[in-house]
Visitor: 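Would you mind keeping the following structure in view while I ask a few things?
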Number of protein chains: 2
Amino acid sequence: MKLPCPITGPKPYHHGDLRRALLEAASRVLEREGPNALSLRAVAREAGVSPAAPYHHFKDKSELMLAISEEGFDQLYKFMLQSSDADAPPMERVAAIGVAYVEFAKAHPSIYRVMYDCSRDLESLPDKAHKAEDGAFSLLKKAMIDLGVVSSDQEVDLELACIAAWCAAHGLAEMVGFRQFDSLKAKMGGEKAFLAGVLSHLGMFGQARKRG
Amino acid sequence: MKLPCPITGPKPYHHGDLRRALLEAASRVLEREGPNALSLRAVAREAGVSPAAPYHHFKDKSELMLAISEEGFDQLYKFMLQSSDADAPPMERVAAIGVAYVEFAKAHPSIYRVMYDCSRDLESLPDKAHKAEDGAFSLLKKAMIDLGVVSSDQEVDLELACIAAWCAAHGLAEMVGFRQFDSLKAKMGGEKAFLAGVLSHLGMFGQARKRG
DNA sequence: GTCTCAATCTAAACGTTGTCAAGATGAACT
DNA sequence: AGTTCATCTTGACAACGTTTAGATTGAGAC
C-alpha cells in the first residue's frame, strides 16, 4: 500500500511514477559513474526495480536517453537564461550565452554527452530529437536579432548566424571536454581567459568581445 | 602453410599481419553497418578469426578504436592537404581546409565518429590519443600563419586562433552530421551554399571568405 | 635436421548488456 | 465483488568484452 506523494500529486500505479524515478536514477548513475556506465539495467538497479520494468515507460534504451537529453536541454536553456542578463547590451548577452553553453557542458559532461549521443543515434526521429534544443536555440536567436549583426528580416542569414554560433559553442565545448590545453591555459593565466580568447576568434562571439 | 604476400612483404606469424587485416575489417564493418555495430567480435568475424584473436594485437576494444582513429586522422590530413592548393592565397587555403574538414566528416561519418568517440573515452592516455591530430592541426597552423591574421611570434594568439578554427569546423561537422537543415538548404540553393554561408559567420573562415 | 621457445591463434567460459514473452500483482471502474 | 488493464517480476535469449587454458606453428639455437 503506497500513499500518493502530497508534493508530486496523486500518482498512478504500483510504483508511483516510475518514469520520473528512472530519470532521476539515470541522472545519479551518470554523475557517479559516467556515460559509459549508463545501462538500462544499471538505471533499473539504481531505481530498485527489475531489469524489464523500464520497458513499460520507454520503448528502448535510446528513448530513455532521449528523455534524459530533453531534460538536459531544458536545464541548459534555464542556465543560459539566467546567465544572460536581459538588460545587458546585446553584445554582452550573446557572449554570455556562449560562455554559459560551454560552462554547462563542462559542469555536466556526462549529461552533455548523452544530449548529443542520442542526437547522433536517433536519425530516425529527427523531429522529437531536436525539438528539445528549440528553447535554447530561440534564446540565442533573440539575442542575435538584438545584436543587429544580421537584419531580422533576412531570415536566412539570421538562421545561418545562429547555426554558426551553435557550432562554435558546441565545438568548443567538446574540445574543452576532452583536451586539456593545460600549458596554454597556464600561459594565459587561467581557464576563463583561455575561453574568452578562443571565443574572441569565433565570429559573432568575437564581434561581441571586441567591444569590451 | 602460408606463403608471404609479395606485395605487403614477408609477414611474421600465423595469419600474416592480422593487425592490418583487423583494421581493414573494422573499416568494412564501419562503412557497412555503422559505428554502433563496431564490436570486437564483429571485427574478428569479418576478419575470419576467433573472438579472442584481436587481443594479441590490441589491449582492448578502445585500443582498436584508437588505431582506427589514427588512420582516420591520417586520411583527414591527406585530404586536407590535397584540397588546399599550396599556391593559392592564404585566405582561400584556410577556407579550403575548413570545407575539406567538414566534407571529410560527411563522407565518412562512421570513421569520423570513432575518431572523436575514442578521444572522449581515452582521457587516460591523452598523449597518444591526440598525437594523431597533429598532422592535420599543423597544416592548419601553417595556413593561419600565412594568413597573417595573427602574428606568428605571438605564439599564444596563433594557438588560440587555430583552436578556434578547429572548434568551428568540428562543431559544423557534427551539426551537419546529425541535423538536416533541409529547408534552409533549399532556400539557399544547395548544400555548398549553405556550408559557405555558415562558415562565413565563423571567425577566420568568415574573414577568408569576405575577400571573395 | 631437430628441439625449443615464444608468439600466435582457438576453445570454452564468465559476467554483463539489451530485449522479449509469460505470468503475477493490484488500482480503478462497474 | 469481480473484471480489466496497466504495471512490475521472472526467466530466458543472443550478443558483447574479456580472461583462462590449451593447441598450433614460425624462427632461432644446437
Side-chain angles (χ1 to χ4, degrees), chain A residues 1-5 8-26 29-30 32-68 114 117-118 120-122 124, chain B residues 1-5 8-26 29-30 32-68 114 117-118 120-122 124:
Chain A
M1 212 239 272
K2 252 190 201 340
L3 44 157
C5 171
T8 54
K11 285 305 171 183
Y13 297 93
H14 302 68
H15 180 110
D17 206 352
L18 178 58
R19 190 191 149 90
R20 178 84 251 134
L22 286 171
L23 286 175
E24 282 164 14
V29 171
L30 270 179
R32 182 171 5 106
E33 306 172 57
N36 291 335
L38 186 71
S39 66
L40 259 185
R41 293 181 105 105
V43 171
R45 218 176 299 138
E46 174 82 21
V49 294
S50 86
Y55 283 87
H56 294 269
H57 301 271
F58 303 98
K59 193 171 112 279
D60 54 14
K61 186 187 178 184
S62 67
E63 231 183 48
L64 203 215
M65 290 179 66
L66 183 63
I68 298 172
V114 171
D117 272 359
C118 84
R120 279 184 271 256
D121 288 337
L122 289 174
S124 37
Chain B
M1 216 242 264
K2 249 187 203 338
L3 44 159
C5 171
T8 53
K11 284 308 171 183
Y13 295 95
H14 302 67
H15 179 109
D17 205 352
L18 180 56
R19 189 191 150 92
R20 177 83 252 134
L22 286 170
L23 286 175
E24 281 164 14
V29 171
L30 271 179
R32 180 165 12 100
E33 307 171 59
N36 290 334
L38 185 71
S39 65
L40 261 185
R41 292 180 106 105
V43 172
R45 216 177 300 136
E46 174 81 21
V49 294
S50 85
Y55 283 88
H56 293 268
H57 301 271
F58 303 98
K59 194 172 112 278
D60 52 13
K61 187 186 177 184
S62 67
E63 230 183 48
L64 203 214
M65 291 180 64
L66 183 63
I68 297 171
V114 171
D117 272 1
C118 86
R120 278 185 272 257
D121 288 338
L122 288 174
S124 36

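Letters A, B, ... are given to chains in the order of the sequence lines, protein chains preceding strands, and every chain is numbered from 1.
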Visitor: Please report the distance, rounded to the nearest Å, between CZ in B/Phe58 and P in D/dG17.
Guide: 14 Å
Visitor: Once salt bridge (charged side-chain N to carboxylate O under 4.0 Å, His left out) is applied, what residue pairs with a partner in residues 43-53 of chain A remain, sequence neighbours excluded?
Guide: A/Arg28-A/Glu46, A/Arg32-A/Glu46
Visitor: Taking all non-hydrogen atoms of both residues into account, name the closest pair between A/Ala25 and A/Val43 and its distance.
Guide: CB-O, 3.8 Å
Visitor: Which residue pairs pass the side chain to side chain donor-acceptor pair (under 3.5 Å) test with at least one member in residues 47-56 of chain A, sequence neighbours excluded?
Guide: none
Visitor: Could you list all N or O pairs between the protein and nucleotides 21-24 of chain C that sit under 3.5 Å apart?
Guide:
none

Visitor: Just the rounded figure in Å: distance from P of D/dG17 to CE of B/Met65.
Guide: 10 Å
Visitor: Which heavy atom of A/Asp117 sits nearest to which heavy atom of A/Met65, and what is that distance?
Guide: CB-CE, 4.3 Å
Visitor: Runs of at least three consecutive Watson-Crick or G-U pairs, both distances under 3.5 Å, are what I'm after; which ones involve DNA chain D?
Guide: C:1-30 with D:1-30
Visitor: To the nearest Å, give me how far apart OH (B/Tyr55) and P (C/dC9) are.
Guide: 15 Å
Visitor: Provide, to the nearest angstrom, the distance between the CD atom belonging to A/Glu46 and the P atom belonging to C/dT17.
Guide: 13 Å
Visitor: Of the non-hydrogen atoms in A/Leu18 and A/His57, which two are nearest, and what is the gap between them?
Guide: CB-NE2, 3.6 Å
Visitor: Using heavy atoms and a sub-4.0 Å distance, could you list which residues of residues 34-45 of chain A are near DNA chain C? By number, please.
Guide: A/Ser39, A/Leu40, A/Arg41, A/Arg45
Visitor: Looking at every heavy atom in both A/Pro54 and A/Pro51, which two are closest together, and how far apart are they?
Guide: CD-O, 3.4 Å
Visitor: Write down the distance between CG (A/Leu18) and C1' (D/dT9), rounded to a whole number of angstrom.
Guide: 13 Å
Visitor: Does D/dA6 have OP1 or OP2 sitting under 4.0 Å from an N or O in the side chain of A/His57?
Guide: no
Visitor: Restricting to salt bridge (Lys or Arg N to Asp or Glu O under 4.0 Å), what partner residues turn up for A/Glu24, sequence neighbours left out?
Guide: A/Arg20
Visitor: Measure the distance from CG on A/Asp17 to P on D/dT7 and round it to the nearest whole Å.
Guide: 10 Å
Visitor: Residues two or more places apart in sequence or in another chain: which of them pass side chain to side chain contact (heavy atoms under 4.5 Å, CB included) with B/Pro35?
Guide: B/Leu30, B/Ser110, B/Arg113
Visitor: Who passes side chain to side chain contact (heavy atoms under 4.5 Å, CB included) against A/Phe58, sequence neighbours left out?
Guide: A/Arg19, A/Leu22, A/Leu23, A/Glu63, A/Leu64, A/Ala67
Visitor: The side chain of B/Ala53 is closest to which nucleotide in this list: C/dT19, C/dC9, D/dT10?
Guide: C/dC9
Visitor: May I have the distance from A/Arg19 (atom CZ) to D/dA6 (atom P), rounded to whole angstrom?
Guide: 17 Å
